[in-house]
Structures are given as C-alpha cells and as structure tokens.
2 protein chains.
Amino acid sequence: MSQSRAYHHGDLRRALLDAAVEVMAESGPAALSLRDLARRAGVSHAAPAHHFGDKAGLLTALAAQGFELLAEALRDAGDDLVDTGVAYVGFAVRRRAHFEVMFRPDLYRADDPEVVAAQARAGELLRTGVARRTGRGPDVDALAAWSIVHGFATLWLSGALPPRVGPDPEAAARIVISRLFP
Amino acid sequence: MSQSRAYHHGDLRRALLDAAVEVMAESGPAALSLRDLARRAGVSHAAPAHHFGDKAGLLTALAAQGFELLAEALRDAGDDLVDTGVAYVGFAVRRRAHFEVMFRPDLYRADDPEVVAAQARAGELLRTGVARRTGRGPDVDALAAWSIVHGFATLWLSGALPPRVGPDPEAAARIVISRLFP
DNA sequence: AGTCTAACTTGCCATTGACAAGATAGCTCG
DNA sequence: CGAGCTATCTTGTCAATGGCAAGTTAGACT
C-alpha cells in the first residue's frame with residue numbers, strides 16, 4: 001500500500017522525519033538533503049517544503065521531537081541520579097541523529113515554541129534528578145552532572161574516546177558518573 | 001601589497017584558513033563555502049582546490065591546526081589540574097571554529113597523519129595533567145575530567161546553558177571542575 | 001635563454017535549496 | 001449529489017555550490 005495514491009502520501013511529514021533520522025544516523029547531519037528525502041519517500045523534490053517550509057524547518061521539527069524523546073527517556077530512568085545520567089548517554093547513542101541536531105542550534109530555529117517547550121520539559125527532569133541528591137550548591141551539582149554526561153556522550157559520538165573505554169557506552173558512563181557522585 | 005601579484009597570492013593557504021575561521025566563528029561550520037573563501041581572498045573559485053584538494057581537505061588542515069593550538073594552550077596552563085581544565089574550556093570558547101571542527105570527524109579526514117599526530121600530543125597533555133592528581137583509577141579520573149570539561153564547553157557553545165551561569169565561561173568552568181576534584 | 005613546475009584561471013556539470021505557479025484529491029456544505 | 005475550497009503535492013526554474021578538466025602564467029632552476 002506504499003504507492004497506492006499518487007497524490008496524498010498519507011503521512012509524508014512522518015515519513016520525511018523518519019528518513020532524515022535514518023540518513024543522519026549513518027552519514028551525519030551534513031549529508032542531509034531535502035531532495036534525497038523526497039526521493040526516498042517517493043514524492044517530488046518540492047514536497048518537503050510544504051510540510052516544513054525549508055531545511056531548517058525540518059530540523060526544527062526533528063529537534064522538538066528529540067527533546068520530547070529525551071524527556072521520555074529521562075522519565076523512564078527512574079529516580080536514581082546515576083541512572084538518569086546513564087539514560088542521558090543511552091539516549092545520545094541510541095537517538096544519535098536527534099541528539100546531534102538538538103545541540104547544534106545553528107541548524108534549526110531554536111526559538112520555535114515547540115522546541116522551547118520540549119526543551120524546558122527535559123531540562124526540568126534533569127534538574128529534579130540532581131536536586132534529589134545535592135550536597136553543595138545544587139546549581140553547581142546540576143551543572144557538573146549535565147556537563148559530565150553531555151561531555152561523555154559527545155566524545156563517544158565523535159569517536160574521540162580511546163578503545164580502552166570498551167564497547168558499552170552506558171557501562172562506561174555509569175563508572176564515570178559514579179566518580180562525580182560516589 | 002595585497003593585490004600586487006595577479007598570480008601567486010603569496011600565502012593563499014594561510015589566507016584561506018584564516019578566512020574559514022572567521023566565517024565559522026560567526027556563522028557556524030555549515031555556512032562555510034569554498035567559493036566564498038576564494039572570493040574573500042580575491043582568487044578564483046577553484047584556487048582553494050589546489051591547496052586542499054577539496055572541502056574536507058581544508059577542514060582537515062584546520063583540525064590539525066586546532067589540535068596543535070589546543071596542545072599549546074594546555075601546555076601554557078601549567079601543572080594544576082583545574083587550570084588545565086579551565087584552559088580547555090577557554091580554548092573551546094576562544095577558538096570556537098577550530099574546536100567545532102575538531103570534534104566533528106564527519107567533516108574531515110580524521111585519519112590524516114598530521115591530525116593524528118597533533119591529536120596524540122594534545123591527548124597526552126590532557127592525560128598527564130590528570131595523572132598528577134589521581135586517587136581512584138587514573139583512567140576513570142582522566143575520562144571524568146575530559147568529559148566534564150568537554151561537556152561544559154560544548155553546552156556553552158551551543159547556548160544551552162541557562163543565563164544564571166553567568167557571562168564568564170572560564171569562571172563557571174572553574175567552579176564546576178572543582179566539584180569533581182575538590 | 002630555455003625548460004620545468006607550482007600556483008592559479010576559465011569553463012563546465014551535477015546537485016542542491018528555495019521559490020512560483022499549477023494540478024489534484026478529498027472534504028464541506030448547500 | 002455536486003460545486004467549491006483548501007491542504008497536499010507536482011513541474012519548472014534560478015542562483016549557488018562542490019568538484020573536475022584543461023588551460024595559462026609566474027618564477028625557479030639550470
């Protein structure tokens with residue numbers, strides 16, 4: 001039932017977002033082309049523009065979706081601070097495409113209402129996760145926690161970490177985070 | 001003496017790299033165009049190809065230069081571990097263009113000999129900085145230290161940090177790093 | 001002076017993002 | 001039932017880009 005209708009793809013918007021994630025997951029954000037996405041979805045080269053306006057529009061939608069998924073992942077991680085940090089790293093690795101767009105605001109419209117809202121939700125979960133532990137200034141703890149998990153995730157994704165770290169990013173992350181919150 | 005010679009720019013290679021840094025510093029790596037760089041240098045649109053082969057070649061040279069500059073910055077930071085971390089963040093902020101390319105290996109040829117060598121030099125400095133402190137497994141300490149400074153720097157550059165953190169990234173970084181190595 | 005080579009140019013092509021104008025489908029409402 | 005309305009998609013076009021090929025020039029070295 002893929003090409004049943006010449007017009008009206010059915011769910012082009014979702015199909016384009018999914019294709020974008022697939023492309024970026026294997027070739028990085030730089031390899032993204034609206035025309036390629038259109039080809040993959042079997043529509044004309046100008047179809048994406050209708051749903052997203054332009055390339056930045058598509059990436060804006062993808063970033064918003066990403067922050068939603070991150071919030072969800074953090075919620076599912078439970079109450080433990082270390083578990084939350086591990087979940088952050090797990091999200092970055094598993095949803096690599098989303099993660100890479102989310103923290104590259106030059107690629108999309110970071111002031112988009114949907115993005116801002118989802119971003120706030122995820123940020124809140126991160127902060128409350130840390131607030132339960134604290135010790136020193138909770139601000140410092142939160143910032144340190146966010147920095148260490150974000151840094152680990154970013155370094156992992158960029159391939160900069162030495163092989164010695166091992167093949168399992170979440171296991172390694174757990175050890176590193178425990179170093180910050182013994 | 002800028003346009004004294006129609007041919008033989010004099011130092012086109014350096015001029016192109018400098019222009020690339022300038023463009024990326026204000027508009028991000030996505031806005032980089034070889035033809036624009038050529039225009040800024042006053043040469044034809046194909047001149048850059050002679051020096052760098054292609055766009056990835058130019059970014060490879062820029063990444064290698066970046067790792068050299070990072071090594072230099074870490075060396076200048078002295079022996080203290082926290083100072084080294086602050087210097088890392090300072091480098092990311094001050095040499096934003098270099099930093100952003102360095103950790104995006106999909107943009108350049110990460111297996112380039114010059115890059116690998118410079119990368120090794122900088123990594124060595126980072127590791128010895130941590131080794132002087134240690135306590136637990138030095139591997140874990142090093143990884144945690146790198147993660148926290150890299151994460152802070154990345155978050156700062158992406159504009160994701162709340163305004164409350166203040167205007168001075170290095171001051172804020174010092175507090176955060178001290179949280180890891182009290 | 002003659003030759004050789006590195007540095008640059010001109011010209012070209014496929015691809016891309018963006019825009020404009022048109023076509024179609026399916027819904028709504030009389 | 002059918003006439004119009006609107007969201008959805010298409011075709012056509014343009015300027016800009018990266019990359020390649022083939023020339024041209026400067027200047028170094030005999």
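Numbered from 1 within each chain, the chains take letters A, B, ... in sequence-line order.
Contacts of residues 18-39 of chain B with DNA chain C (heavy atom under 4.0 Å): B/R35. Residues of residues 44-54 of chain B that place a heavy atom closer than 4.0 Å to DNA chain D, in numerical order, are B/H45, B/A46, B/D54.
Under a 3.5 Å cut-off, the side chain of A/S147 and the backbone N or O of B/G151 do not form any donor-acceptor pair. Put simply, the side chain of A/T60 gets close to the backbone of A/R109: a donor and an acceptor are under 3.5 Å apart.
A/L16 CG to A/L34 CG: the interatomic distance, rounded to the nearest 0.5 Å, is 8.5 Å.
As a whole-Å value, the separation of B/K55 NZ from C/dT15 P is 18 Å.
Partners of A/A20 by side chain to side chain contact (heavy atoms under 4.5 Å, CB included), not counting sequence neighbours, listed by chain and number: A/L32, A/L37, A/L58, A/L62. When the side chain to side chain donor-acceptor pair (under 3.5 Å) test is applied to B/R39, no partner is found at least two apart in sequence or on another chain.
Within a 6.0 Å sphere centred on CD of B/E68, other residues, nucleotides and ligands contribute more than 12 heavy atoms.
Evaluation of the side-chain hydrogen bond (donor to acceptor under 3.5 Å, both in side chains) test over residues 87-99 of chain A, restricted to residues two or more places apart or in two chains, returns A/Q65-A/H98, A/Y88-A/W146, A/Y88-A/H150, A/R94-A/E170, A/R96-A/E100. Pairs engaging residues 14-32 of chain A under the side-chain hydrogen bond (donor to acceptor under 3.5 Å, both in side chains) rule: A/D11-A/R14 [sequence neighbours left out].
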